[in-house]
Amino acid sequence: MAELALHDYVRTLMNDIQSLAENEGASIPKTFTRRVLEQLEEAGVVSNSHVAYHQEHGVVVYGFGVSEDRSTLDLYTTEYDLAQGQPGADKLTKGDTAKAYRRLLAFLRKCGTIRNNHPETTEVHELCEGVEKALADAVKIRLFLFSNQVSTAGALPEPTDLNGVPVIHELWDLTRLHRHETSGSLSEPIVVDFDPPLSCLSAESTEPDHSVTLAVLPGALLAQLYDDHRARLLELNVRAFLQIRTGVNRKIRETLLKRPERFLAYNNGITATASEAEFVMDANGNCVAIRQLTGLQIVNGGQTTATLHHVMKRDKKDLSEVRVQMKLSLVAPEHLEEIVPRISEYSNTQNKVTLVDFSSNHRFHVDFERVSRALWAPATDESGQETRWFYERARGQYAQEEAKHVTVPARRKFRALHPTRQRFSKADLAKYVNSWNELPHLVSRGAQKNFNEFMERTKKEPPVVDVSFCKRVIAMGLLFKAVDAVAKEHEAGSHKALVTAYTMARLCSATEKRIDLDRIWREQGVSPALVAAVHDLCPLVMERVIAPGKHVTEWAKSSTCWEDVSRLKWDIPEELSTELLAQPVEFTKDTSEAEEQRLADVRAIGAEEWEALGEWARQTRNLEPSERQLATVIATRLRTGGDITATQAAQVLSVHETAIGIGFSPAVI
């Protein structure tokens with residue numbers, strides 16, 4: 001991605017925040033916080049983030065987050081300059097930074113008192129309750145400061161502690177946010193220095209784009225790398241999302257606790273990649289040690305890495321005797337997306353990291369961008385001006401496209417044809433579709449987890465991404481936004497996102513997905529009858545989701561919550577009933593991948609076995625004549641290179657399965 005100038009980035013950022021704040025009815029600093037967290041959660045820097053604002057004397061906090069293994073508590077605060085217009089106009093000073101961190105620590109110390117001073121149903125009470133629960137398990141605390149100003153603070157405060165729990169500081173100022181969003185990387189590359197250098201054996205490579213090096217890592221070093229970088233260490237590359245199952249493996253833990261000196265012998269180790277390496281060379285020019293790695297990623301061995309971290313932090317086990325083998329592939333950055341997924345797929349380690357998708361470059365997203373960008377949305381006013389919906393397949397695409405228009409009139413025209421309200425991301429798309437598919441508990445788990453679940457389901461049942469599909473997904477987005485506006489009117493407050501997802505899911509359930517999405521696309525909005533129905537339904541959903549005595553954000557993530565909401569009694573208003581379709585909206589499934597696999601299976605069985613099956617069927621008369629003939633035809637086409645249709649492949653594999661079940665064996669013929 002080309003570098004986007006800082007002043008262009010600032011202008012786009014301010015416009016985004018202003019528009020989002022107006023649409024969501026939230027304050028600009030809180031909206032800015034939510035936007036930054038969505039980007040950092042996508043990058044794997046944070047997880048399970050929850051935005052909630054509280055301020056009192058000496059205390060300012062904008063939310064918290066908890067790592068997947070609950071070992072790290074994150075606290076967020078924001079310094080937002082409402083007058084910011086040009087980069088560098090106002091600076092974030094060292095004093096401002098220190099004060100922001102002090103206020104976060106003050107919140108931690110006063111958390112229990114603050115909770116007692118606010119009713120259970122308030123956002124502040126839930127914030128305090130969530131932080132106290134996370135703090136009880138935390139072995140590390142990270143204090144995050146977000147700002148739309150440029151920091152002049154220099155070095156961050158030294159790490160400290162709170163009641164023995166280490167506290168470190170993270171600063172995401174305007175410069176770092178700009179670099180993060182426009183560098184073409186989902187997150188900053190991980191750089192690891194080895195002191196002393198790590199001994200290695202480097203294999204010669206006949207290909208210029210990658211090479212392989214073998215090394216043995218100290219277990220404590222690998223555990224510390226995970227502690228420092230978490231999911232970022234397991235991202236694979238900047239355009240990929242991984243569904244990482246970093247649960248503690250019982251057998252691995254047992255070895256670490258009882259026989260750490262044998263870990264190298266028992267464990268298969270990790271497979272890693274890096275974009276650059278600095279080696280120590282011997283007199284003959286051979287690589288004998290690794291001094292530094294840039295862009296380190298663990299492709300296989302996620303469970304090994306997480307379990308090492310668990311044993312070091314939770315079990316307080318000394319890992320000085322533990323060694324872990326590492327196969328390191330150096331891959332040129334431009335070939336990451338071609339080579340790295342193959343490494344992940346073919347590495348047969350015991351704890352393989354599961355690849356969910358190639359995110360931005362996944363076929364689904366490429367196709368959706370291509371088709372949706374060619375659509376003209378019908379005009380919604382008397383001007384007759386048609387517009388386009390802008391799907392951001394990759395982060396920052398809208399800003400990049402806008403920046404290509406160098407004059408003010410050209411930019412104004414671009415925004416008129418591509419209104420910011422009609423821009424949506426991969427995370428938005430997943431949210432719309434999963435809400436439509438009655439999966440609000442997944443939507444409530446956050447953008448990254450919901451997106452990963454969406455991709456898993458898309459992988460299993462890929463849709464045909466055509467004009468009809470894209471229009472209907474955008475219509476789901478229009479419906480979602482309409483429901484969101486109703487939830488705002490009913491004062492869902494900080495739980496509006498949860499209420500919106502659940503209300504839309506319950507609406508789809510009640511109507512059996514017979515809502516006319518094509519009409520919503522044509523009208524670029526929902527009908528008055530549909531809005532009225534949502535007004536009727538939303539308060540009922542709120543009673544179930546924002547339930548007394550429950551931690552709402554955790555409750556909403558559970559399938560039990562959806563089961564409860566799906567059981568609530570609600571009758572479809574007559575006005576809406578007359579608008580519903582006779583049948584549920586249907587989407588065509590893309591069966592090409594399954595068809596290719598069936599054809600591959602037919603070829604793998606081979607012409608000889610198909611001939612043998614046909615002869616066996618002729619002699620025994622165990623199959624229908626058409627089935628015997630089909631086996632013979634397939635054998636002939638395999639021998640002559642003839643075409644085999646998808647239908648024939650499916651039918652003949654069924655014949656093969658039947659024949660095996662009633663006694664066919666190729667060895668008999």
To the nearest 0.5 Å, tell me how far [X] [atom1] sits from [Y] [atom2].
X: Phe64; Y: Leu108; atom1: CZ; atom2: CG; answer: 11.5 Å
X: Gln149; Y: Asp81; atom1: CD; atom2: CG; answer: 4.5 Å
X: Gln303; Y: Lys251; atom1: CD; atom2: NZ; answer: 13.5 Å
X: Ile298; Y: Thr305; atom1: CD1; atom2: OG1; answer: 3.5 Å
X: Leu233; Y: Gln297; atom1: CG; atom2: CD; answer: 6.5 Å
X: Leu225; Y: Leu217; atom1: CG; atom2: CG; answer: 7.5 Å

So, using ring pair (Phe, Tyr, Trp, His ring centres under 6.0 Å) as the criterion, who are the partners of [X] when residues are at least two apart?
X: Phe263; result: none
X: Tyr398; result: Phe390, Phe414
X: Tyr76; result: Phe144, Phe146
X: Phe194; result: none

Open item on the list: Just so I know, are the side chains of Leu308 and Val311 near enough to count as touching, which here means a heavy-atom distance under 4.5 Å?
Closed with: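 No, too far: nothing below the 4.5 Å cut-off.
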Open item on the list: When you compare the side chain of Leu37 with that of Val46, does any pair of heavy atoms fall below 4.5 Å?
Closed with: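 A side-chain contact under 4.5 Å exists here.
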- [ ] Just do the ring pair (Phe, Tyr, Trp, His ring centres under 6.0 Å) check on Phe364 and Phe454 with the steps written out, would you?
- [x] CA-CA 11 Å; Phe364 172 87; Phe454 166 77; 5.7 Å; yes
With no hydrogens and no angle check, is any side-chain donor or acceptor of [X] less than 3.5 Å from a backbone partner on [Y]?
X: Asp16; Y: Leu13; answer: no
X: Thr77; Y: Tyr62; answer: no
X: His405; Y: Glu401; answer: yes
X: Asp193; Y: Gln292; answer: no
X: Lys140; Y: Asp227; answer: yes
X: Ser329; Y: Val331; answer: no
X: Asp173; Y: Ser151; answer: yes
X: Gln397; Y: Arg393; answer: yes

Under a 4.0 Å N-O cut-off, is there an ion pair linking [X] with [Y]?
X: Arg253; Y: Asp315; answer: yes
X: Glu261; Y: Arg259; answer: yes
X: Asp428; Y: Lys431; answer: yes
X: Arg370; Y: Asp367; answer: yes

Atom pairs and distances, side-chain donor-acceptor, residues 157-169, under 3.5 Å, sequence neighbours left out:
{"residue": "Asp161", "atom": "OD2", "partner": "Gly164", "partner atom": "N", "Å": "3.1"}
{"residue": "His169", "atom": "ND1", "partner": "Pro157", "partner atom": "O", "Å": "3.4"}

Task: Under the side-chain contact (heavy atoms from CB on, under 4.5 Å) test, residues paired with Arg314 that sit two or more places apart - done: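 With sequence neighbours excluded, Arg314 shows a side-chain contact (heavy atoms from CB on, under 4.5 Å) to Arg70, Ser71, Asp137, Val139, His310, given in chain and number order.
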Task: For Asn284, all residues meeting side-chain contact (heavy atoms from CB on, under 4.5 Å), sequence neighbours excluded - done: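 In terms of side-chain contact (heavy atoms from CB on, under 4.5 Å), with neighbours along the sequence ignored, Asn284 is linked to Asp282, Asn286.
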Who pairs with [X] by salt bridge (Lys or Arg N to Asp or Glu O under 4.0 Å), at least two apart in sequence or on another chain?
X: Arg411; value: Asp8
X: Glu278; value: Arg291
X: Arg373; value: Glu369

TODO: I would like to know whether Ile141 and Thr72 meet side-chain contact (heavy atoms from CB on, under 4.5 Å); could you show each step before the answer?
DONE: CA-CA 6 Å; Ile141 298 169; Thr72 302; over 6 Å; no
Task: Contacts of Glu321 that satisfy side chain to side chain donor-acceptor pair (under 3.5 Å) - sequence neighbours left out - done: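 None.
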TODO: Kindly write out the residues that satisfy side chain to side chain donor-acceptor pair (under 3.5 Å) with Ser320, not counting sequence neighbours, or none if the list is empty.
DONE: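 If we apply the side chain to side chain donor-acceptor pair (under 3.5 Å) test to Ser320, skipping adjacent residues, the hits are Asp318.
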We want to know whether [X] and [Y] form a side-chain donor-acceptor pair, criterion being a heavy-atom distance below 3.5 angstrom.
X: Ser49; Y: Glu41; result: yes
X: Asn15; Y: Thr12; result: no
X: Lys449; Y: Asn48; result: yes
X: Gln224; Y: Asp228; result: yes

TODO: Take Lys426 and His365 through the side-chain contact (heavy atoms from CB on, under 4.5 Å) test and state the conclusion after the steps.
DONE: CA-CA 8 Å; Lys426 298 190 301 293; His365 298 290; 3.8 Å; yes
Open item on the list: If I compare all heavy atoms of Ala274 with all of Thr294, which pair ends up nearest, and what's the gap?
Closed with: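 Shortest heavy-atom separation between Ala274 and Thr294 comes out as CB-O, 3.6 Å.
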- [ ] Report the relative orientation of the aromatic rings in Phe424 and Tyr391; use parallel for angles under 30°, tilted for 30 to 60°, perpendicular for over 60°.
- [x]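 Taking Tyr391 first and then Phe424, their aromatic rings sit tilted (interplane angle of 30° to 60°).
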